[in-house]
Amino acid sequence: MKPALKNTPDSAKVFAFTPRDFARIRSLIYRQAGIALTDSKQEMVYSRLARRLRAKGLNSFEAYLDELENGRDSDEWEAFTNALTTNLTSFFREAHHFPILAEHMLGMKAPLSIWCSASSTGEEPYSIAMTVCEAFGTLTPPVSIVATDIDTNVLETAANGVYPIDRIDKMAQDRVRRFFQRGKGERSGLVRVRPELRQLITFKPLNLLASSWPLSGPFDVIFCRNVMIYFDKPTQSRILERFVPLMKPEGLLFAGHSENFMYASDAFKLRGKTVYELNPRHGGARKHA
């Protein structure tokens with residue numbers, strides 16, 4: 001995820017940034033991506049969007065927002081959304097989820113499918129891919145993974161699968177040897193995910209607020225971690241309800257450590273720590289040993 005930016009003192013601001021400007025931005029990003037910005041995000045918004053003003057040669061937020069709303073540059077909507085999307089991630093983040101994923105995959109009937117709904121720069125879907133490869137003992141498990149994100153910039157990084165070597169510092173060395181290739185020469189200091197892992201994953205852009213999703217389920221697992229915290233409760237509820245027909249009856253939904261879906265929808269019930277399954281009345285019928 002993009003690192004938090006330092007606050008910019010008012011005296012250092014190049015562009016005027018009024019409460020009305022911020023209110024317009026809040027409204028636009030909520031309509032476009034469902035992100036509910038709080039008042040505390042004003043400095044972050046200024047810092048990130050000031051770059052767009054410089055890139056376009058504009059001298060005010062008002063002019064930038066007018067151009068955006070008037071649709072004179074359709075590509076700028078993508079840049080605007082990318083700028084305000086936060087992408088904090090790492091390999092095997094919230095590690096307790098991955099043994100649960102492995103056990104679940106081995107108990108389901110192949111072929112299996114997983115949707116990672118907030119891919120960011122790819123660490124999460126590649127962690128999923130490594131987990132299923134280890135579970136099945138092969139680099140070609142009977143599993144397909146769809147990884148989506150609203151931010152097209154991070155999706156490009158994810159599809160390339162190239163990272164600074166310090167991104168895998170905390171990973172077990174046997175895992176590193178099995179799944180990564182070290183760069184040499186001018187690419188020293190970089191690692192690349194093995195092509196077998198990349199072949200398990202299809203990366204594609206997707207806005208969770210879009211009227212239709214370019215997906216075909218049903219999925220055995222959906223990862224939707226650390227995404228819902230940016231949405232208000234009505235938006236959370238709508239998204240969760242749309243997950244239901246895309247899941248197999250025994251499917252699992254993985255959430256982030258600070259997210260609680262129990263108050264957003266009755267379609268799911270808590271199975272364990274931030275792991276959910278469908279309620280029986282919504283077609284859920286988890287198999288028991």
Side-chain angles (χ1 to χ4, degrees), residues 1-4 86-108 112-139 141-149 154-155 157-158 161-182 190-194 196-198 200-201 203 219-230 243 247 250-262 268-277 286 289:
M1 249 167 135
K2 295 165 189 156
T86 304
N87 296 288
L88 176 63
T89 189
S90 61
F91 288 105
F92 292 97
R93 185 184 185 194
E94 301 187 44
H96 67 281
H97 280 161
F98 296 97
I100 298 171
L101 171 66
E103 181 183 5
H104 182 65
M105 291 286 95
L106 291 173
M108 301 296 286
L112 306 164
S113 59
I114 301 171
W115 175 24
C116 173
S117 66
S119 165
S120 186
T121 46
E123 287 90 334
E124 180 167 285
Y126 287 126
S127 299
I128 294 169
M130 285 183 264
T131 298
V132 297
C133 285
E134 290 172 345
F136 286 94
T138 176
L139 288 172
V143 180
S144 61
I145 302 166
V146 178
T148 64
D149 202 283
V154 297
L155 275 179
T157 298
V162 177
Y163 302 94
I165 198 166
D166 61 8
R167 298 294 287 167
I168 60 171
D169 277 350
K170 297 180 180 178
M171 194 178 296
Q173 284 305 302
D174 61 336
R175 199 172 251 168
V176 171
R177 287 189 294 269
R178 193 179 308 132
F179 297 118
F180 292 87
Q181 300 168 326
R182 293 178 182 268
L190 299 174
V191 293
R192 185 167 193 169
V193 177
R194 285 184 63 98
E196 293 91 342
L197 283 191
R198 299 200 305 275
L200 292 175
I201 306 171
F203 291 98
F219 294 99
D220 296 275
V221 168
I222 295 178
F223 273 72
C224 186
R225 305 194 305 174
N226 306 301
V227 181
M228 295 291 197
I229 54 175
Y230 299 105
F243 283 163
M247 295 183 68
E250 301 86 8
L252 296 182
L253 172 63
F254 290 83
H257 71 278
S258 61
E259 296 170 319
N260 186 341
F261 296 164
M262 300 299 291
F268 294 90
K269 65 176 182 176
L270 189 65
R271 173 180 169 179
K273 187 178 179 183
T274 58
V275 180
Y276 294 81
E277 59 189 4
R286 180 166 62 90

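Please read these numbers as outputs of a predicted model, since none were measured by experiment. All residue numbers refer to positions in the sequence shown, counting from 1.
Minimum interatomic distance between L197 and C133 (heavy atoms only, all atoms of both residues): CD2-SG, 3.7 Å. Scanning both residues, C224 and L253, for their nearest heavy atoms gives CB-CD1, 4.1 Å. Here the shortest heavy-atom pairing between T148 and W115 reads OG1-NE1, 3.0 Å. Residues P164 and V191 share a closest heavy-atom pair of O-CG2, 4.4 Å. Closest of all the heavy-atom pairs between T274 and E259 is CG2-O, 4.2 Å. Closest approach of L200 to L139, counting heavy atoms only: CD1-O, 4.3 Å.
In this structure, CZ in F223 is found 9.0 Å from CG in L252, a value given to the nearest 0.5 Å. Rounding to the nearest 0.5 Å gives a distance of 12.0 Å between CG of N260 and CE of M228. To the nearest 0.5 Å, the span separating CD1 on I128 from CZ on F254 amounts to 8.5 Å. Separating the CG atom in D220 from the NE2 atom in H104 is a distance of 5.5 Å, to the nearest 0.5 Å.
Atom NE2 of H96 is surrounded by more than 12 heavy atoms from other residues, nucleotides or ligands within 6.0 Å. Within 6.0 Å of atom CZ in R182, 12 or fewer heavy atoms from other residues, nucleotides or ligands are found, so the atom counts as exposed in its surroundings.
Remark: R175 is not positioned above the aromatic ring of F91, lacking an NZ or CZ atom under 6.0 angstrom from the ring centre and at most 45 degrees off the axis.
The backbone N or O of T89 sits nowhere less than 3.5 Å from a side-chain atom of E124 that would complete a donor-acceptor pair.
Looking at heavy atoms from C-beta onward, M130 lies in side-chain contact with M171 at the 4.5 angstrom threshold. At least one side-chain heavy atom of L112 sits less than 4.5 Å from a side-chain heavy atom of F136. Using a 4.5 Å heavy-atom cutoff, the side chains of E277 and E250 are not in contact. Counting heavy atoms from C-beta on, the side chains of N226 and R93 come closer than 4.5 Å. When side chains are defined from C-beta on, S120 counts as touching D149, because their heavy atoms get closer than 4.5 Å. You'll find the side chain of I201 stays beyond 4.5 Å of the side chain of C116, heavy atoms only. Between L190 and Y163, the closest side-chain pair of non-hydrogen atoms is not below 4.5 Å.
Under the side-chain contact (heavy atoms from CB on, under 4.5 Å) test applied with L101, the options M105, H97, E103 reduce to a single match, M105. Residue E123 is tested with R167, R225, K170 for a salt bridge (charged side-chain N to carboxylate O under 4.0 Å, His left out); the sole match is R167.
Y276 has its ring centre less than 6.0 Å from the ring centre of F261.
Between F92 and F98, the ring-plane angle classifies as perpendicular under the 30° and 60° cut-offs.
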